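Read through the structure below, which is laid out as structure tokens, and then see the notes.
Throughout, a chain's letter reflects where its sequence line sits, starting with A, and its residues are numbered from 1. On a predicted model such as this, the values are computed, not experimentally measured, just so you know.
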There are 2 protein chains.
Amino acid sequence: MLKLTKKADYGLIALKYLAEHPETPALSAKDIADAYGIPAQLLAKILQLMTKKGLLRSHAGMNGGYALAREAREISAYEVILAIDGPFFITSCTKGAKSCELTPSCTIKEPLARVNDTIAGVLKSISIQDLAEHEQPGMPANGAAGLVSLRL
Amino acid sequence: MLKLTKKADYGLIALKYLAEHPETPALSAKDIADAYGIPAQLLAKILQLMTKKGLLRSHAGMNGGYALAREAREISAYEVILAIDGPFFITSCTKGAKSCELTPSCTIKEPLARVNDTIAGVLKSISIQDLAEHEQPGMPANGAAGLVSLRL
DNA sequence: TCAGTATACGACCAATTGTGTCGGGATTAC
DNA sequence: GTAATCCCGACACAATTGGTCGTATACTGA
Ligand code: FES
Ligand code: FES
């Protein structure tokens with residue numbers, strides 16, 4: 001539960017990989033898939049999705065492939081997840097604003113919606129570049145990168 | 001994606017309901033299920049799970065049922081979710097410490113683990129009592145209840 | 001112009017997970 | 001002893017996710 005789908009995971013990995021290779025004009029889906037042992041065709045579909053959402057730019061033909069549409073710093077993990085898995089809500093009742101309006105006595109939705117927003121905020125504060133910059137192991141103890149306040 | 005299962009939702013609802021009725025010594029699974037239109041037998045299993053994890057105390061026999069094992073303030077949403085859905089990891093690769101060790105080049109797991117911890121922290125900061133205390137609508141603008149720092 | 005490389009897209013199936021039901025057994029109160 | 005209640009495993013069904021296939025389309029370079 002509360003876990004990323006593999007697709008979203010693959011998407012993040014692919015973007016991270018692209019962010020790590022800024023010199024190349026484009027990388028094909030197969031290139032990326034091979035680098036990580038990801039099913040190539042599946043990754044292709046994911047990349048296509050992200051292209052449609054404006055996160056990537058694609059180019060067909062020889063030496064074609066995908067490239068980041070924006071700076072790695074300007075693409076958040078939230079956007080990636082949103083593009084691949086669609087809008088997400090932590091509460092299972094918030095589906096069509098239908099099923100749970102039937103039980104007006106249940107007020108659990110409201111506080112959980114705040115949690116949802118908080119998580120979304122955290123995800124928004126993470127950029128692809130953050131993922132790509134892998135500090136060496138050993139806890140470098142760098143400063144706090146983000147601060148998220150949860151208001152009940 | 002990234003959503004609570006219905007079971008966890010039901011579990012939270014049930015605990016909230018129990019927290020709202022502190023006067024009664026115990027409420028049966030059926031009582032709670034009827035109050036919200038939740039499948040009774042399913043809820044029963046969920047309550048049993050939470051009992052086994054020490055969140056509830058149960059009592060068989062007539063006028064039996066369930067009661068909170070601790071103060072509502074002392075039970076966090078995190079514990080509930082953990083009890084019902086098991087340990088959760090946002091990263092899909094962190095399953096058996098197996099699949100992703102094969103690709104040591106992928107460093108995406110690390111930063112996402114921090115996100116995971118952050119979310120867990122948020123969930124831990126929410127108690128059943130927080131859910132039960134439904135402020136009236138209208139944004140009461142009360143002070144910040146929790147502050148979670150995300151350190152990349 | 002033509003062959004090769006690559007994206008684009010839809011349909012489809014397989015695997016997993018989530019949701020809900022059933023049935024029998026054990027406890028407890030009255 | 002009977003009715004209410006918890007306990008628990010097995011099962012069936014539904015939804016989601018993961019992955020494949022086939023084909024169409026676009027671009028490149030010789
Ligand atoms: S479960 Fe949807 S509002 Fe309570
Ligand atoms: S996907 Fe698991 S470490 Fe990268």
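Per the geometry, CG belonging to B:L4 stands 15 Å off C1' belonging to C:dT19, to the nearest Å. Atom CD1 in A:I46 sits roughly 15 Å away from atom P in C:dC9 (whole-Å rounding). Separating the CG atom of B:L42 from the C1' atom of D:dG9 is a distance of 15 Å, rounded to the nearest angstrom. For the pair B:L43 CG and D:dT5 P, the interatomic distance rounds to 14 Å; values are reported in whole Å. Distance, A:L47 CG to C:dC9 P: 13 Å, rounded to whole Å. Between the NZ atom of B:K3 and the C1' atom of C:dT17 there is a distance of 10 Å, given to the nearest Å. We find that CG of A:D34 is positioned 14 Å from C1' of C:dT5, with the value rounded to whole Å. Atom-to-atom, NZ of B:K30 to C1' of D:dC7 comes out at 18 Å; the value is rounded to the nearest Å.
Within residues 57-69 of chain A, the residues approached by DNA chain D to less than 4.0 Å at the level of any non-hydrogen atom are A:H59, A:A60, A:G61, A:M62, in residue-number order.
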What verdict does the side chain to side chain contact (heavy atoms under 4.5 Å, CB included) test give for A:L4 and A:L12, after you've listed the backbone C-alpha separation in whole Å, the side-chain angles of each residue and the deciding distance to 0.1 Å?
CA-CA 10 Å; A:L4 252 44; A:L12 288 170; 3.8 Å; yes
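Taking every side-chain heavy atom of A:P39 into account, D:dT20 is the closest of D:dG18, C:dG18, D:dT20. The side chain of B:K52 sits closest to D:dC8 out of D:dC8, D:dT17, D:dT20. Comparing atom distances between the A:A29 side chain and each of C:dT19, D:dG19, C:dT7 picks out C:dT7 as nearest. The side chain of B:S28 lies closest to D:dC6, out of D:dG19, C:dG18, D:dC6.
For the side chain to side chain contact (heavy atoms under 4.5 Å, CB included) test with A:T118, the passing option among B:I126, B:V122, B:I119, B:L123 is B:V122; the others fail.
For the pair A:E74 (side chain) and A:E71 (backbone), a donor-acceptor distance under 3.5 Å is absent.
Under the ring pair (Phe, Tyr, Trp, His ring centres under 6.0 Å) criterion, B:Y17 pairs with B:H21, B:Y36, sequence neighbours left out.
Atom-to-atom distance recorded for B:L112:CG and A:D9:CG is 7.0 Å, nearest 0.5 angstrom.
Across all strands, B:K7 comes closer than 4.0 Å to base atoms (heavy-atom distances). Residue B:A44 is out of contact with every strand shown, counting any heavy-atom pair closer than 4.0 Å.
Checking the phosphate oxygens (OP1, OP2) of D:dG19, a side-chain nitrogen or oxygen of A:Y10 falls inside 4.0 Å.
With hydrogens and angles ignored, a donor-acceptor pair under 3.5 angstrom links the side chain of A:K45 to the base of D:dT20.
By the neighbour-count criterion of 12 heavy atoms within 6.0 Å, atom CZ of A:R57 is sparsely surrounded, having that number or fewer from other residues, nucleotides or ligands.
In the hydrophobic cluster analysis, where Ile, Leu, Val, Met, Phe, Trp and Tyr join through side-chain heavy atoms closer than 4.5 angstrom, B:L131 is grouped together with B:Y78.
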